[in-house]
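Quick notes on the structure that follows.
Every value quoted in this text rests on a predicted model; they were computed, and no experiment measured them. Throughout, protein chains are lettered first and strands after them, A, B, ... in sequence-line order, and every chain is numbered starting at 1.
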2 protein chains.
Amino acid sequence: MEDPKHLEIVTHLKDHLIVSSELENVVALFKTLGDVTRVRIILALAESTLSVTELTEVLDLNQSTVSHQLSLLKQQNLVKGTRNGKNIHYELSDRHIMTIVDQVKAHVSEHGRN
Amino acid sequence: MEDPKHLEIVTHLKDHLIVSSELENVVALFKTLGDVTRVRIILALAESTLSVTELTEVLDLNQSTVSHQLSLLKQQNLVKGTRNGKNIHYELSDRHIMTIVDQVKAHVSEHGRN
DNA sequence: AATACATATTAAGATATGTGCATATGTCAA
DNA sequence: TTGACATATGCACATATCTTAATATGTATT
């Protein structure tokens with residue numbers, strides 16, 4: 001409290017930091033990206049559109065696991081699938097996501113944890 | 001498989017998608033940001049440097065909770081604390097984080113979930 | 001040294017999450 | 001319509017995570 005402005009800032013901070021629904025959405029998106037399987041799926045789809053079976057093979061995962069995680073990724077509008085006969089082609093719904101991932105990559109490498 | 005290039009891409013994709021330690025670090029960072037309490041702490045610290053007690057009051061949280069989450073945030077180099085007598089002043093260790101948060105905010109609002 | 005205040009840590013309980021099995025649903029081809 | 005393939009879903013289990021209370025540690029003041 002050496003800075004006289006500090007107390008004032010802190011006093012009013014509580015009112016400004018309302019728990020917005022936006023906060024919930026932001027956190028939900030981060031949470032979705034906070035899983036190795038899901039990020040691997042995203043990175044794979046960043047390379048090429050893939051069906052569930054292809055994802056299963058390429059990432060060496062259970063089909064059920066892939067479907068479950070794709071479902072969560074869809075809920076967050078991170079991927080979208082379009083049916084093509086028996087298969088469903090999944091792709092990133094938005095290139096924006098790769099920007100975010102790259103941003104985080106940059107942060108990680110800046111701190112030399114890899 | 002209507003595209004002849006597709007099979008080739010998929011075939012070789014498996015080799016390119018190595019589970020790097022970088023992936024683990026990226027995911028760990030996302031996971032850290034995937035919690036309401038931690039993001040609220042980050043948003044508060046984006047406004048002002050704060051002690052643990054101040055964070056506790058401003059965010060209306062248990063002191064123990066704040067300490068626990070600060071500990072996780074420190075592990076990810078998201079915040080740093082410097083002791084000042086009895087208090088420890090916490091601040092964002094890197095403005096970069098706000099860029100990431102803002103980026104995700106943008107993505108979220110683009111998809112009209114708030 | 002004793003006390004008070006600030007922060008960290010340990011342990012425990014409640015809840016959430018990821019995975020895989022089994023099965024259901026959807027789609028095409030014969 | 002039956003069979004084969006592709007994807008989704010319900011369930012159960014194992015594990016991880018978040019929070020809290022209790023306590024320990026660190027720091028300043030007297």
Just how far, in rounded Å, is [atom2] of [N] from [atom1] of [X]?
{"X": "Phe30(A)", "N": "dA16(C)", "atom1": "CZ", "atom2": "P", "answer": "22 Å"}
{"X": "Asp60(A)", "N": "dT19(C)", "atom1": "CG", "atom2": "P", "answer": "13 Å"}
{"X": "Asn84(A)", "N": "dC5(D)", "atom1": "CG", "atom2": "P", "answer": "19 Å"}
{"X": "Glu54(A)", "N": "dT7(D)", "atom1": "CD", "atom2": "P", "answer": "8 Å"}
{"X": "Asn62(A)", "N": "dC11(D)", "atom1": "CG", "atom2": "C1'", "answer": "14 Å"}
{"X": "Glu24(B)", "N": "dA16(D)", "atom1": "CD", "atom2": "C1'", "answer": "15 Å"}
{"X": "Lys31(A)", "N": "dT17(D)", "atom1": "NZ", "atom2": "C1'", "answer": "10 Å"}
{"X": "Leu50(B)", "N": "dT7(C)", "atom1": "CG", "atom2": "P", "answer": "11 Å"}

Would you indicate which nucleotide in [options] comes nearest to any side-chain atom of [X]?
{"X": "Arg38(B)", "options": "dG18(C), dC18(D), dA8(D)", "value": "dC18(D)"}
{"X": "Lys74(B)", "options": "dT7(D), dT27(C), dA8(C)", "value": "dA8(C)"}
{"X": "Gln63(B)", "options": "dT7(D), dA8(C), dA6(C)", "value": "dA8(C)"}

Inset, instruction - Tell me yes or no: between the side chains of Thr99(B) and Gln103(B), is some donor less than 3.5 Å from an acceptor? - result: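 Looking only at side-chain atoms, Gln103(B) and Thr99(B) do not form any donor-acceptor pair under 3.5 Å.
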Legend entry - Residues Thr65(B) and Gln69(B): side-chain donor-acceptor under 3.5 angstrom: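 Absent: no donor and acceptor within the cut-off.
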Inset, instruction - Please tell me which of Lys86(A) and Ser64(A) maps to the more 5' nucleotide of DNA chain C, matching each residue to the nucleotide holding its nearest heavy atom. - result: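 Its nearest nucleotide being more 5', the pick is Ser64(A).
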Legend entry - Whether Ser93(B) side chain and Asn77(B) backbone form a donor-acceptor pair below 3.5 Å: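 Indeed, once roles are kept as given, a pair shorter than 3.5 Å links the two residues.
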Legend entry - Under 3.5 Å donor-acceptor, Ser109(B) side chain and Ala106(B) backbone: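 The answer is yes, because a donor-acceptor pair under 3.5 Å joins these two groups.
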Hey, does the side chain of [X] come within less than 4.0 Å of [N]'s phosphate (OP1/OP2), counting only N and O?
{"X": "Asn87(A)", "N": "dT27(C)", "answer": "no"}
{"X": "Ser67(B)", "N": "dT7(C)", "answer": "no"}
{"X": "Thr65(A)", "N": "dG20(C)", "answer": "yes"}
{"X": "Thr53(A)", "N": "dT7(D)", "answer": "yes"}
{"X": "Gln69(A)", "N": "dT19(C)", "answer": "yes"}
{"X": "Thr37(A)", "N": "dT19(C)", "answer": "yes"}
{"X": "Tyr90(A)", "N": "dA6(D)", "answer": "no"}
{"X": "Arg83(A)", "N": "dA6(D)", "answer": "no"}

Inset, instruction - Please evaluate the base of dT20(D) for a donor-acceptor partner in the side chain of His68(B) within a cut-off of under 3.5 Å? - result: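 Looking at the base of dT20(D), it does pair with a donor or acceptor on the side chain of His68(B) (distance under 3.5 Å).
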Legend entry - Tyr90(B) reachable from Leu72(B) in the ILVMFWY side-chain graph, under 4.5 Å edges: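 In one cluster with Leu72(B): Tyr90(B), no.
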Inset, instruction - Indicate yes or no: at least one non-hydrogen side-chain atom of Val79(A) is less than 4.5 angstrom from one of Asp94(A). - result: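 No; the side chains remain at least 4.5 Å from each other.
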Legend entry - DNA chain D base-pair string [pairs: Watson-Crick or G-U under 3.5 Å; |: paired with another strand]: ||||||||||||||||||||||||||||||
